[in-house]
There are 2 protein chains.
Amino acid sequence: MTRPTKRPLTLRDVSDACGVSEMTVSRVLRKRGDVSQGTRDRVLAAAKALGYVPNQIAGSLASQRVNLVAVIIPSLSNMVFPEVLNGVNSAFEDTPLQPVVGVTDYLPEKEERVLYEMLSWRPSGVIIAGLEHSEATRAMLRNAGIPVVEIMDVDGTPVDAMVGISHRRAGREMARAILKEGYSKIGFMGTKMPLDHRARKRFEGLTEGLAKAGIEIEDRDFYSGGSALAKGREMTQAMLERSPDLDFLYYSNDMIGAGGLLWLLDQGVDIPGQIGLAGFNGVELLQGLPRQLATMDACRAEIGRAAAKIILDRTDPQGDDAAPAHITLTPTISPGDTLRRSRRG
Amino acid sequence: MTRPTKRPLTLRDVSDACGVSEMTVSRVLRKRGDVSQGTRDRVLAAAKALGYVPNQIAGSLASQRVNLVAVIIPSLSNMVFPEVLNGVNSAFEDTPLQPVVGVTDYLPEKEERVLYEMLSWRPSGVIIAGLEHSEATRAMLRNAGIPVVEIMDVDGTPVDAMVGISHRRAGREMARAILKEGYSKIGFMGTKMPLDHRARKRFEGLTEGLAKAGIEIEDRDFYSGGSALAKGREMTQAMLERSPDLDFLYYSNDMIGAGGLLWLLDQGVDIPGQIGLAGFNGVELLQGLPRQLATMDACRAEIGRAAAKIILDRTDPQGDDAAPAHITLTPTISPGDTLRRSRRG
DNA sequence: ATGAAAGCGCTAACAG
DNA sequence: CTGTTAGCGCTTTCAT
């Protein structure tokens, strides 16, 4: 039975307990090298009986290899990033690699601190959200000597590898879709986050796309804090009171879009006839709303999986001579029920 | 400037670069012991110029101290656990301790594996969701020789410390509130998760509470997978077709409750007159719905903060002689607009 | 198939 | 205030 010890057990303890050298115990526990079945069994039995847990700190120092991969994201409150993490997790399942998550709160200085902390554990790779980083952060990434995958966005120049979608293009495509359906008085609502570069790029893409047709955003508003759903309601109401002639509302995320949708339905507004709506992200949540909000999938889990695969490929065999992978995923518009003024089903 | 090296830099490199012993460099970098201002400056300058990042693997092995705290939770897809993590993060802000997250997918064997992996990094403490664990897991927790805080639930016996709410009591109190408002034909909907012990305890508490008034659940249903909001709609419709005389629906989480609420409003059902509703969790989301769903706060961020504080208290000074903390938080019912048949505002 | 020796990069403990 | 010495617990490498 496992008798509690103040000092954590070492290989030595197991070695003593079963009369086999530390080296052999180590080999058994790591399933490396040839060990006779009998010895193996005795070692395993002793280790289990004692409740021995190997010390990876010592192991990693000795072997100069660490099975950790740093994953650095802006937030956990968003549902977007947990989904990316699920993608990463699923790709690392059944591999020796393990993700370790750091959160930056969209703050460049915090990103710097978090990266420094993680690099001090000498991980085997880094997966980090976004392409915009402080110069110090970029320097650390460059000099770390490990694979680095920047994710979510491809509008920019990565330090090494990159996997994501073009948010600027997403905005442009949404503009095209909106115009194609005959809407022309467009309002925009989003988060007030100067540091959310991806939301900014979608907005820029939208205005670009509209500009090509000689159209400008008629109204816009930005919020911060609070329940996104509630904010969507409030902002939609405020905007329509201010600009009653709007015929389309583009939201920078599905949550506020859903809030707007619910409010408009309450008001008895004809959607998508009188007003069309679209959000961004393809959150699962939307499937339970009375109308399906038009949206665009951000390929979140897929991005996580692809990033993890890149790290695996670069880590596992010898093939890290390949050019850094640059993977652009293509999000698709789901028109749902809120973006089809011209042709109804 | 940081010139990329294949081999990561060591203290030795910094020592060479500034003509100071490794030991002194180490002291400067850790801000430990007295070092003259001049030396300090030279060391810092050299370290920055080289882009040196300390190796915590070596540091932790030498000092026998690791600034990591293992946080083990069932899922990231739930919004409940990210909120707990935010609580943990906030309490560790400005301390040397750092959370490292592991996800179990509600699987006991995976919990065991994840815990083993994390213990092999010799963390300074463990925060783990739930009180139900395999015997092997409990043994590891007992023998780890570090503070262990089991969180979310207090209906059971912890290995060491514990912070949470009584889900059984939450269910009972909801029963009382429901009965007090005059409802009597009660239906229940929840997740089909034999391993979600907290949802199970809420259900048991509810049936207990109703039983005291001689009342039994009239109908119940369980789902798995899919969008919770959509499931809430479907299940509510199905249940009311099956049991049209129900006058109250209790949902095991707010998401399916919100789905049910939206469906009932679509149908023009009088809420809470004809049918009352309640969920569980107090998710921020609800604040944007057309009616406020009655719910009960699970104190998620607070639980995370309190757990982190316990680890800090036990780690920081000498005071780990105190009895293990057992903290029971008290969730409060928010009746919202869906649980007040008798007295309207 | 097993063991012995050396050392991973850092810090505790002690000298000066 | 600064330097020296000896490990931390494991794995690598080389013997046997």
Side-chain angles (χ1 to χ4, degrees), chain A residues 5-44 46-47 50 52-68 96 117 119-124 144-145, chain B residues 5-44 46-47 50 52-68 96 117 119-124 144-145:
Chain A
T5 27
K6 194 65 213 168
R7 168 184 64 69
L9 298 162
T10 70
L11 262 190
R12 180 61 187 279
D13 295 306
V14 181
S15 169
D16 287 351
C18 64
V20 173
S21 78
E22 289 183 44
M23 200 49 238
T24 301
V25 174
S26 169
R27 279 195 270 253
V28 171
L29 263 23
R30 283 176 303 144
K31 314 183 210 298
R32 257 205 185 67
D34 294 319
V35 179
S36 74
Q37 189 60 44
T39 317
R40 181 194 312 289
D41 292 344
R42 274 193 302 142
V43 169
L44 255 17
L50 293 172
Y52 172 69
V53 177
N55 184 335
Q56 294 235 42
I57 310 243
S60 295
L61 181 62
S63 67
Q64 304 280 68
R65 287 180 295 93
V66 182
N67 64 351
L68 264 23
E117 283 287 338
L119 288 182
S120 73
W121 288 100
R122 299 289 186 264
S124 294
Chain B
T5 27
K6 194 66 214 168
R7 168 184 65 71
L9 298 162
T10 70
L11 260 191
R12 181 60 188 278
D13 296 305
V14 181
S15 169
D16 287 351
C18 65
V20 173
S21 79
E22 288 184 44
M23 200 50 234
T24 300
V25 174
S26 169
R27 281 196 269 254
V28 171
L29 263 23
R30 285 178 300 144
K31 314 181 209 300
R32 267 223 171 56
D34 295 319
V35 180
S36 75
Q37 189 59 43
T39 318
R40 180 194 312 289
D41 292 344
R42 274 193 303 143
V43 169
L44 254 17
L50 294 173
Y52 172 69
V53 177
N55 185 334
Q56 295 234 42
I57 309 242
S60 295
L61 182 62
S63 68
Q64 305 280 64
R65 287 180 296 93
V66 182
N67 63 351
L68 264 24
E117 283 286 338
L119 289 182
S120 73
W121 288 99
R122 300 288 187 265
S124 293

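First the proteins, then the strands, lettered A, B, ... as listed; each starts at 1. Note that the coordinates shown come from a computational prediction; the quantities given were computed from them, not determined experimentally.
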Inset, instruction - Grab the CG-P distance between A/L119 and C/dG9 for me, whole Å please. - result: 16 Å
Legend entry - Residue closer to the 5' end of DNA chain D, B/G33 versus B/L61 (nearest nucleotide): B/G33
Inset, instruction - In whole angstrom, give the distance that lies between atom CD1 of B/I57 and atom P of C/dT11. - result: 13 Å
Legend entry - Side-chain N,O (A/Y52) to OP1/OP2 (D/dG9) below 4.0 Å: no
Legend entry - A/D34 side-chain proximity, nearest of C/dA1, D/dT13, C/dC10: C/dA1
Legend entry - Integer-rounded Å distance: D/dC10 C1' and A/L11 CG: 6 Å
Inset, instruction - Could you check which of C/dT11, C/dC8, D/dT12 has an atom nearest any side-chain atom of A/R30? - result: D/dT12
Legend entry - B/D41 side-chain N/O to B/G38 backbone N/O, donor-acceptor pair under 3.5 Å: no
Inset, instruction - Nearest whole angstrom, please: distance from the P of D/dT11 to the CG of A/N55. - result: 9 Å
Inset, instruction - Figure out the CD/C1' separation between A/Q37 and C/dT2, and round it to whole Å. - result: 16 Å
Inset, instruction - Report yes if at least one side-chain N or O of B/T39 is closer than 4.0 Å to OP1 or OP2 of D/dT2; otherwise report no. - result: yes
Inset, instruction - Would you kindly give the CG-to-C1' distance between A/D41 and C/dA1, to the nearest whole Å? - result: 15 Å
Inset, instruction - Using whole Å, report how far CZ of A/R12 lies from C1' of D/dT11. - result: 17 Å
Inset, instruction - Please state how far atom CH2 in B/W121 lies from atom P in D/dC10, giving the value in whole angstrom units. - result: 13 Å
Inset, instruction - Over all heavy atoms of both residues, which pair between A/N67 and B/W121 is shortest? Give the atoms and the distance, please. - result: OD1-CZ2, 3.7 Å
Legend entry - Options D/dG3, C/dT2, C/dT11, nucleotide nearest the side-chain atoms of B/A62: C/dT11
Legend entry - Phosphate contact (D/dT12 OP1 or OP2) by A/R65 side-chain N/O below 4.0 Å: yes
Inset, instruction - Determine whether any donor atom in the side chain of B/R122 lies under 3.5 Å from an acceptor atom in the base of D/dG9, or the reverse, and answer yes or no. - result: no
Inset, instruction - Identify the two heavy atoms, one from A/S15 and one from A/E22, that lie closest to each other, and give their separation to 0.1 Å. - result: OG-N, 3.5 Å
Inset, instruction - Would you check if the side chain of B/S124 reaches a backbone N or O of B/V66 as a donor-acceptor pair within less than 3.5 Å? - result: yes
Inset, instruction - Assess whether atom CZ of A/R12 is packed by more than 12 heavy atoms of other residues, nucleotides or ligands within 6.0 Å. - result: no
Legend entry - N/O donor-acceptor pair under 3.5 Å between B/D16 side chain and B/D13 backbone: no
Legend entry - D/dT11 phosphate, OP1 or OP2, under 4.0 Å from A/S63 side-chain N/O: no
Inset, instruction - For D/dG9, take OP1 and OP2 only and decide whether either is under 4.0 Å from a side-chain N or O of B/Q64. - result: yes
Legend entry - Residue-phosphate contact under 4.0 Å: A/S36 side-chain N/O, C/dA1 OP1/OP2: no
Legend entry - Among C/dA13, D/dC10, D/dT2, the one nearest B/M23 by side-chain distance: C/dA13
Legend entry - Proximal nucleotide (of C/dG3, D/dC10, C/dC14) relative to the A/R27 side chain: C/dG3
Inset, instruction - Please state whether the phosphate of C/dC10, meaning OP1 or OP2, lies under 4.0 angstrom from any side-chain nitrogen or oxygen of B/S26. - result: no
